[in-house]
Every structure is written in C-alpha cells, then in structure tokens.
Amino acid sequence: QSIVMKAAVQSTNIVSSLFPSQVRDRLFDLGGAIAGAGGAVVGGIGRGLGFRARRASTGQEGPGGPGADGMAGNLAANPMEPLAAVRQVSPPVADLYPEATVMFADIAGFTAWCSAREPSQVFVLLETLYGSFDQHANKRKVFKVETIGDSYVAVAGLPEPRKDHAVVMARFARNCLDAMNHVCNHLMVELGPDTADLALRVGLHSGAVTAGVLRGQKARFQLFGDTVNTAARMESNGLRGRIQASEATVKALEAHKKGHWATKREDLIEAKGKGKLQTYWIDPKKSSASSSRETESNSGSVVSASEMPNVEVWQQAAKMDSLVAWNVDVLSRLLQRIAATRGFVRRSSLGWTREFKSQQYERAILFERTEQINFAPTSYDMNDENSPALPYLTDEVKQQIRQFVQEVCGMYKESLPFHNFEKATHVALSLKTLVVSAQKVYNSADAREDFFASDPIAEFACFFAILIHSMDHPGVSNKQLVQQGDEKASMFHERCMNEQHAFNMGFDLLMSDSYSNLRSMIACSKAEWARFRQVVVNCVLATDTLDKDFEDERLDQWEQSFGASALGVESNTKSQTQRRATIFMEHLVQAAVAGPFMQHYQIYNKWFERRVLEVHQSALYLPPTEESVYKEDFDWYNHQLSRFDNVVIPLVTKLDASGFLGGTGREQLECAKRNRAEFAEEGEAFVKEVVARLTSSGMPTEEALQDVTILEELAKDTSPTGLIANPSGLTDELTDDAMSPSSDE
C-alpha cells in the first residue's frame, strides 16, 4: 500500500508540473482522457482510468485482445478511430482567454557558448537558470508553459484570469533578467568566464490566447494564437539584456498606471508576417519621476565626457578578474588531484627544488622535445563518485596559485584584441572539453593507462603549458622575427622563438622564491619534476603548428601510433603505449588552440575578426616588410580557407579517426566542415567589410591610447603583484601565426 501511495504522489507531482491546477482537476474529472504513462491515447477507449484500474485488479482484458485494448488493430484499420473515441467520451480541454500576456525569453549567445562546453555543463546552466525563473514564477503566480531549447515561455492571465497580467509579467521579466545576471556570474568559475557574456532577450505581447491540453503522446498544456506568435517576434527582434513589448502590452500597463515603464523604441522592427511595428522597451525599475525627466529638454549643466567614469575600463578589469578566477579554479582542482593520488597533503622537502633552480638549463628548449614521455597513470578518477573526496589545499598554496595566475595575466598584453589572456583562457577551456571527452572513452574501454591525463602531474602540466604559451610575445610571427634580425632568432635557432621565450618566462616565474610551496605541491621528487617539465616543453612547442620540421615528425609519429602502419604491430608494450599517449596529448593541445575553427561559427568569426584587427594594428608599428600578412592587400579569404583545408580539418579528422574522442570528435569535425562551407560562402564579403573598416580607422586615436594608459594604471592598483602588460607591446599567436596559402609563408 505504501508503494502504491508513493507512486501516486510522484505521479501527482509530475502532472502538477505539467498542467495548471484547474486544468489538472478537469482532466481527472473527465476520466483521464489524455496520454497514460505509456504515451498512448487510451482514456476514451478504455472507459477512462476506472476501466484501467479495474482491469489491473481483476485481470480482465480490453475488448481488443490481451494487453492491447484493441488499440493495435484499430490503429492499423483506421488511425483516426482512437482519437474519435476519445472525443466521444470527453471533449477537448481548451478555452479562450481574452486577456493575457505571453513572455518569450531566449539566451543570446547560447548556441555558440554550447559549442565549447561539455553536455553536463550545458545542463548545469539551464537547470540552475530555469530553476531560478520557476521560483519567481511561483511567487508571482505566473504559469510556466514550456522550455524550447534555450527559450523559456510563460504566461500571466490564465488559467486564472487577472486584470494586471501585463504588470505581473513585466515584473517577472525583470526578475528573469536579474536572475540571468546573477546565475551567470555565480557559475562563471565552474562553466568558464565567457558564461558571464550570456544575456537574456525578452519579448512581451498581450491579447487573446487559446490554451488547453493537446491530447496524445506526451500531452502538455499549450498556448495557441496570434498573441503567442507576436510575443515570439518581440523576443527575436529584441536586444540583449532588454525587455521589448508591443503596443498592446504598453496599453495594458498604462491601464494600471505603469505607462512610465515604457520607452518608445526609436526604430521600427520588421516582424515576420506583421510588417513594421512600433515597439517599446520596458523597465519596471524606472520611476515616474525619472521618466518625466527624460522628456524634459537637455537644459542645465551637462557632465562632460572626460568627467564620466570609463565604464569600458572597469568592465575590462572585471573581465580579467573572472578569467583569473577560472584559471585558478582549474589549476587548483588539478593540484588537488595530484595531492589525492599521494594520499596526503604536505609540503615536501625543498632541497631538490633548489637543486633544479640552480641548474642551468639551456634557454633554447627546441631540442628537449621527446617522442615518448614516461607518464605515471593512477587509478584515481575525479569523475567517479566512489573516489575519495579531494583534499584541501593549504592557504599558502592557494594564495600562491592565485598570485601566479595574476602575474601570468599581467604578462599578456591586453591592449591586443587577439593574443591576450582571454584567448589563452579560451584555449584552456577548449582543452578541458577535449580532455573530459577523451577520459570517458578511455575509462569505458578500461584503458586508463593509455591516456596522458591519467597521470595527474601530466594533466596539470598540460594546462600549465596552455596558461603560459603566449606570454610576452613581441606581436609578430616567428618568420618576421628572423627577417628583422631579432636577438631571439639567434638565441632560439630561428625556430619557435615565441614559444620558447614564453616557456622561459613562465618557468622563470614559477622558479622564483615566491612559489616554493606551489612547486613542492606539483612534484615531490626529481623524477616528478622532470616529468612535469617535459610535458610543458612538449605542449608549448606543440602550439606552433607552422614549424615544418616538428609537424613532419608528429605526422610520422601519429602514423606509427594510430595509422595504417600501426595495424598488426604489437602495441601493448609500455614504450608503445607511452608514445601513443605523448602524440595524442600534443594533438589535443593543437586542437584546443584551433578550437574556434571547430566551434560555433559565431565564435570562429569573433576570433578571426580579432586576428585581422591585431595584424592591422601590428602592421602600423612594423618596418617595411615583404611578409604578405602585414600588407593591406593580404588575401585573408584564401588564407582562412587554406587553414581549414591544410591544418584544422586534417587535424580533427585524425583525432576523430582515432576513436578516443567519442562523439565529440565527429561533432567537431562536422562543425569545422560547416564553418568552412559558411566562410567559403560569406567570408569574402565579411573580410572586405572588416578590412575596409580597419583601413579607414588608421592609427590608434589619442583617446584610445589614453584608455590603455588608464587600464595600465588600474591594473597596477588592483594587481597584488603590480605587474602589467606593456600596452604598446604587440604579441603573436602561436598556431594563428602569419600563414599564407603559398608554401613559403
């Protein structure tokens, strides 16, 4: 009896979440003429819930034969017959509500954001966000109709009519905007810093609505009519972070003395099937006094632009804080995993670290790359709920991690639109998604020892390498450094100069006295430290996909490990396993750096435009050169098609063919091909538009340089280390180096 009661309570809760209480009661009164748990329309044919209950208790069969209620035969003969039988027993549950306000809310940028996330992260955001919306809806007596993808649909004024439906819905929409900002900022560290860039776009329309239960499989309470369509148009033609409403909604607000919430939109919108419409921006926080002041003439004293706070500078500082926080969280969790595999958290003896510090390494790491790293995999899995909890880090270690990331951030030149700390963080985010996907495949195949990230030190080193891989770059390509006779060219053997310089900057910082506790947590022996350093060397050098010698070596190593030549060869030796893990790690790093090519087209376009902008900016400071990428007439269109065809698609094709990325490999390959096709169709016009805009802009303005100075001073004030990038410096991206379709570029 308790089991039956528990099942009944659970069923009631599910039904309550799908239907308004009044509609739910009508459904029960009609004998359950909607879909049962199995999804078939059986209410009318089986004479309602009563017949089904009686059949379950007496063992009687339905009129159509054992266990079928005659449904299968009837459907085959006449598919309309079951529905007709339902209508004979109970009429449709539907009503017309003459006064209601419908809201459509959509997450702007959500599709692009998803393309760089794990599936679980997508659901963390939606569940948290929509859960917050639901709480506000319950408080304001607003009925949540449904969620369609990332769209949230709600209505006020039905099924319980109320005159103030527009007022209630406007306030609820404002609650949703506030909840969006709060949730995205709260989840920023867990889901990635660009989560805070997401915004809600809301549309409202008031009018008559037809609502009821559309019976059949997965029956739901639904809305129909022109009011619903118009509300959707209000949302789709709206702006991020704003509530757009129709004239009908504004009139409903005015009827309740809330007309001052509305501000007429300056331009008319073109709504599909509606033509041009006058719409309004709604702000329930705006008082009538502020509204009247807006209508007054602009007389009196006016604050000059120089006296206004530089909002963009403060926004940039807040963004840097979020980027730092995300990287700190990632590295901290990986460091906790290192500690967990040791079974304790302690500070190891620092004697051997002093020995490493005093040891004079060659500044050129070019010849340190190895084909085989001897990883030390463990059985600890952070994603396994049966694994012990991660240990806490000491306050000293946590402080040093944060300080280290802040110093690294300061060594990136944030005046650049592309090669900055934000781009390095995006690479780390892309790598995290790839590593998680690969871990699932390796775990399911019981092949954890074949995966580099099963070694906690190696996984930490991999993300450490991404963090530092573009530090303190001069702003031009390796080839350009050689042509200019830069001192780095001779120091680093005219290969991978920027990458080697970044490695030295990062390791010099890590080896400083300020980070002794951090070093002792990374490694507890000479062997561990040597493995950590080797992984960083390989990963940093892997970010330069334009070094032909290294790429030829990697191509040969991949073929030996995963290609046709590896078939039939004994591959279970430890040496062969380590070689496979090493080359797979390097390819994952390269895929992460090329991430925008394999993510949503909006993300690709964003970073491509920034790349063009930065090259234009760099060219203003360079001496005359024959390097075509710095010429105004450089063919960016064919350059990008060449990168798709010769670098990105072959890379992700290999990763997908390996099978160790699961569905993620195929998804990213298909996305890269779609982006290539879309750029082939639209890219030429887009490039012309971007280049024309940049060419007309010329040299940076005095105001722009002043903003950079303000940002520099602000960073000095807010950074505990006082380090800040040189705003006039110019950097270079490793894999997005100057590359022309011609072979010598």
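All figures in this text were calculated on a predicted structure; none of them were measured in a lab.
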Colleague: Suppose we screen for side-chain hydrogen bond (donor to acceptor under 3.5 Å, both in side chains). Which residues come up paired with Asn327, at least two apart in sequence or across chains?
Modeller: Thr425
Colleague: Where the side chain of Arg240 meets the backbone of Asp197, is there a donor-acceptor pair that is under 3.5 Å apart?
Modeller: yes
Colleague: Sequence neighbours left out, what passes ring-ring contact (aromatic ring centres under 6.0 Å, His included) with Phe104? Give chain and number order.
Modeller: none
Colleague: Considering residues, nucleotides and ligands other than Arg666, do more than 12 of their heavy atoms fall under 6.0 Å from its CZ?
Modeller: no
Colleague: List for me each residue that meets side-chain hydrogen bond (donor to acceptor under 3.5 Å, both in side chains) alongside Ser151, sequence neighbours excluded, and say none if there are none.
Modeller: Asp106
Colleague: Only counting residues at least two apart or in another chain, list the ones meeting ring-ring contact (aromatic ring centres under 6.0 Å, His included) with His165.
Modeller: none
Colleague: What's the spacing between Leu334 CG and Phe463 CZ if we round to 0.5 Å?
Modeller: 6.0 Å
Colleague: Using the side chain to side chain contact (heavy atoms under 4.5 Å, CB included) rule, take Met234 and Ile269 through it: C-alpha gap first, then chi angles, then the decisive distance, then the call.
Modeller: CA-CA 9 Å; Met234 292 297 105; Ile269 67 168; 3.7 Å; yes
Colleague: Once side-chain contact (heavy atoms from CB on, under 4.5 Å) is applied, do any residues pair with Ala245, and if so which ones, sequence neighbours excluded?
Modeller: Leu204, Thr249, Ile282
Colleague: Counting N and O atoms only, with roles assigned by atom type, does the side chain of Arg140 sit under 3.5 Å from a partner on the main chain of Met169, one being a donor and the other an acceptor?
Modeller: no
Colleague: Around atom CZ of Phe224, are there more than 12 heavy atoms of other residues, nucleotides or ligands at under 6.0 Å?
Modeller: yes
Colleague: Using a 3.5 Å distance criterion without hydrogens, assess whether the side chain of Thr101 forms a donor-acceptor pair with backbone atoms of Ala156.
Modeller: no
Colleague: What's the spacing between Leu588 CG and Leu655 CG if we round to 0.5 Å?
Modeller: 6.0 Å
Colleague: Give, for atom CG of Leu158 and atom OG1 of Thr210, the distance between the pair rounded to the nearest 0.5 Å.
Modeller: 10.0 Å
Colleague: How close do Trp281 and Gln244 get, counting heavy atoms only, and between which atoms?
Modeller: CZ3-CB, 3.6 Å
Colleague: Between Glu422 and Lys319, does a salt bridge (Lys or Arg N to Asp or Glu O under 4.0 Å) hold up when you go through it step by step?
Modeller: CA-CA 9 Å; Glu422 181 184 357; Lys319 189 171 190 176; 3.2 Å; yes
Colleague: Please round to the nearest 0.5 Å and tell me the distance separating atom NE2 of His186 and atom CG of Leu129.
Modeller: 12.5 Å
Colleague: If the plane angle is over 60° it's perpendicular, under 30° parallel, otherwise tilted; pick one for Phe172 and Tyr152.
Modeller: tilted
Colleague: If only atom types and distance count, is the side chain of Gln278 paired as donor or acceptor with the main-chain N or O of Arg265 below 3.5 Å?
Modeller: yes
Colleague: State whether the side chain of Ser132 and the backbone N or O of Thr128 hold a donor-acceptor pair below 3.5 Å, judged by distance alone.
Modeller: no
Colleague: Listing request: all salt bridge (charged side-chain N to carboxylate O under 4.0 Å, His left out) pairs with a residue in residues 112-132, at least two apart in sequence or in separate chains.
Modeller: Arg117-Asp194, Glu118-Lys432
Colleague: Answer yes when Lys251 and Glu247 have at least one side-chain N-carboxylate O distance shorter than 4.0 Å, and no when they do not.
Modeller: no
Colleague: Tell me every residue that passes ring-ring contact (aromatic ring centres under 6.0 Å, His included) with Phe644, counting only those two or more places apart in sequence or in another chain.
Modeller: Phe597, Tyr604
Colleague: Please list, chain by chain and in numerical order, all residues satisfying ring-ring contact (aromatic ring centres under 6.0 Å, His included) with Tyr637, sequence neighbours excluded.
Modeller: Phe679
Colleague: Under the side-chain hydrogen bond (donor to acceptor under 3.5 Å, both in side chains) rule, collect the residues that match up with Gln121, sequence neighbours excluded.
Modeller: none
Colleague: Go through the structure and list residues passing side-chain hydrogen bond (donor to acceptor under 3.5 Å, both in side chains) with Asp164, not counting sequence neighbours.
Modeller: Arg162
Colleague: List the atom pairs, with distances to 0.1 Å, where a side-chain N or O of residues 108-116 and a protein N or O form a donor-acceptor pair under 3.5 Å, not counting sequence neighbours.
Modeller:
from   : atom 1 : to     : atom 2 : distance (Å)
Trp113 : NE1    : Thr195 : OG1    : 3.1
Ser115 : OG     : Ala112 : O      : 2.6
Ser115 : OG     : His600 : N      : 2.9

Colleague: Please list all pairs meeting side-chain hydrogen bond (donor to acceptor under 3.5 Å, both in side chains) that have one or both residues in residues 667-682, counting only residues at least two apart or in different chains.
Modeller: Asp645-Arg676
Colleague: How far does CG of Leu613 sit from CZ of Arg693, to the nearest 0.5 angstrom?
Modeller: 8.5 Å
